[in-house]
Amino acid sequence: MKETLTGAQALIRALEHENVEVMFGLPGGCILPAYDPLIESKIRHILVRHEQGAGHMAEGYAHVTGRPGVAMVTSGPAATNLVTPLCDAYMDSIPMVGITGQVPTAAIGTDAFQECDTVGITRSITKHNELVMSAQDLPMVVRQAFHIATTGRPGPTLIDIPKDVLQNEMTWYWPSDDEVLDSLPGYRPNVKGHTKMIKEAARLILAARQPILYVGGGVLKARAAAVLRELAELTQIPVVTTLMARGAFPDSHPLCLGMPGMHGTATAITAMQKSDLLIALGSRFDDRVTGKVSAFAPDAKIIHVDIDPAEQGKVRRPDVPIVGDCRLVIEEMLKAIKELLQSGEQQADVGPWRSRVSGWREQFPLAYDQSEPGAALKPQFCLEKLRDGAPEGTIVVSGVGQHQMWTSQYWNFEEPYTWVNSGGLGTMGFAVPAAIGAKVGRPDKTVWAVDGDGCFQMTAQELVTASLERIPVKIGILNNSYLGMVRQWQEMFYDERYSEVNLSGTLPDFVKWAESMGCVGIRVEDPQEAEAAIDKANSINDRPVVVDFRVAEDEKVFPMVPAGKSNDDILLHHSQNARREFLK
Amino acid sequence: MSGNNPYGQDSQHHVLSVLVQNRPGVLARVSALFARRGYNIFSLAVAPTEQADYSRITIVVDLASAPLEQMTKQLFKLIDVVRISELDPRHSVERELIMVTVKATAEQRGQIVELTNIFEGKILSVGVDAITVSLDGSPSNIDDFMTALNQYGIVESQRTGLVALPKLDRAATASAAKSPKGKAS
């Protein structure tokens, strides 16, 4: 039975076939035809206030559900507004499908109204993109886009559709899995690790005396948290979780050393430096983790498991490279280790290593100075209160900067997919829309965004979207009236010469702004007020809440490895400097 | 002109033969990837293959800019890239084409024609005071030809960049060499 549809109808039906339940977007000229069949569709559409918000919402949704987020916007400026979220998703391997309108095919290349070279602009920040030139191609292109976004190393894809392609008629079809694969002969992600390499890795793991599991975001993408825990517990190897992997291993677990890297815990950083074997699982030796690469973990052999072959040897040459899906590879690794143990092989004694690591953990906990009575709130104190007051399973989202590092440091991540942030691209303004997307994806969970006052001002208007769509997110602004991380660098590395970092202690009035957007606004200026404000925020579930924590402007994030320095040159909180020798 | 020779003095060059799906924008994807990652392309030649769905891009890359392994792995990530062969000059056949317009007085014309014949080149066009010739051959052969023509004064020249295919193993069948399958990533 041949059924004739318009391109627009085919697009919406294709999205329904891909089980899209929600999309984030904003209509305009060239994408208009697609918005018409949307009226009859069961897909929920969330109307944003800025296209960047649609993109970050799609990312937040994808982060917490593991399903691809969908953002649909028009051509030209709308497409360019989607560029930041696409790049963010590309850097953090977030499955996302962007749909943009384009000027009619006959007008392409003529500098028509709201024309831009969307596929050209987004080529290097998408896993794949496609300009659709015929309505008949739409179902196949949609299937390809979802297939590519969600398999292998996940990432954003983009479909650019000229207006006439949406208006033209096509004969409906839905391609089979085989047809999709046949159409992509150059795309066959390798998910199963090489058996010989996995056995070699198992031998190295059993022989190591000072091993560390260096866990990255790939473990979450592969939904490998459970097998990771089994591997750690079987081998008693300590675990560090990178910024992208917070929650992949419970912070409360005795083997968990927290986050490594520029603002990681002294224990995680030092344990990696001193280790004799780094088992990198879905992590990519990011410069924020390694510090000066030539001085990074100098004595460590490397097992590198990653689904993207290009990550192997990009920064550090692995002794054992394994290309594959982290979950499948860890499962095979567990089998190989158990076989070796059953055949009489003994694991080297990691006891002394574990006690050395525990010693660091006792000597170098996270530290900050409590505020003097009457002095400004400390951001770390606010986070402790937020953390302690949060219902179990709360999802926490952050923007980028000091507040992000403090959140990663002070929150207790116990479950996977409870942490959403912008890691690779470092996109200020990510938190508010990403939190909205996360709440849409997991309406059963409390979603707290911890934001900075700088970040908040970049995308706050999406709280109007949240109020109107009844998406009750909670935003805690750690408001120090500064671009805090920039201020920290200027204080430490530019002789306290502060250049263009002061935002204003009086404007905007965040409480009034929140109220004007339909949210409850609460201001907290005194440590005594924090708990009650947080309790109140947690009790409100019919609208968004914004808590404006007025915090000390000169607080800095510690520990810190200055950019380009070796991880051995870690700067500690001043109270721990006297104990520095213990890190040797 | 020896700098133009991928295997001349500078051994930092390597040849990649890249089989791609013949789709709009594929050349832009490849060249954008090189630009974005800071890899230098020495020369690039592209044309459809015997199978209409595929094109072959022969790229001479500059290994001073990045390790070959990273270049091939990043290229592999492009969805349209089906297969990459690293062509070792010892195990491949290579050709390049050059067209050159050389100044030529009536007296010099005979010399240039003779030189071109020695190199097994072709005369394409003859003018009053210039002559256009072409030569296909190995890059070093073309370098030598250019050196020989230099004394007459070169008006214009255009090289195509290298194209190459793997040398056939005596045991290999033609279909095995042609199969687009076999990509692992």
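The chains referred to below are lettered A, B, ... by the order of the sequence lines, with proteins before strands, and numbering in each begins at 1. Only heavy atoms go into these numbers, but all of them, side chains included; no hydrogens, no water, no symmetry mates.
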Might you confirm whether atom [atom1] of [X] has over 12 heavy atoms from other residues, nucleotides or ligands at distances under 6.0 Å?
X	atom1	value
B/E156	CD	no
A/K314	NZ	yes
B/M99	CE	no

How close do [X] and [Y] get, counting heavy atoms only, and between which atoms?
X	Y	value
B/Q70	A/G313	NE2-C, 4.4 Å
B/R29	A/N129	NH2-O, 2.7 Å
B/R36	A/S124	CD-CB, 3.8 Å
B/K77	A/A310	CD-CB, 3.8 Å

Check: Non-hydrogen atoms of chain A under 4.5 Å away: do they reach the side chain of B/A32, the backbone, both or neither?
Finding: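 Only the side chain of B/A32 comes within 4.5 Å of chain A.
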Next item on the list: Please examine the side chains of B/K73 and A/Q312, heavy atoms only from C-beta on, and report whether any two atoms are closer than 4.5 Å.
Entry: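 Result yes, sub-4.5 Å side-chain heavy-atom pair found.
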Note to self: What part of A/T126 gets within 4.5 angstrom of chain B, counting heavy atoms only: side chain, backbone, both, or neither?
What the structure shows: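 The answer is neither part of A/T126.
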Next item on the list: Output the option from A/M133, A/K127, A/E130, A/Q144 having the highest count of non-hydrogen pairs under 4.5 Å with chain B.
Entry: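 That would be A/E130.
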Check: Under a 4.5 Å heavy-atom cutoff, which of A/V119, A/D308, A/L184 has the most pairs with chain B?
Finding: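 Answer, by heavy-atom pair count under 4.5 Å with chain B: A/D308.
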Next item on the list: Enter the distance from B/I79:CD1 to A/S183:OG here, rounded to the nearest 0.5 Å.
Entry: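 Here the rounded value is 10.5 Å.
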Next item on the list: To the nearest 0.5 angstrom, please state how far the CZ atom of A/R123 sits from the CG atom of B/L78.
Entry: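 If we round to the nearest 0.5 Å, A/R123:CZ and B/L78:CG are 10.0 Å apart.
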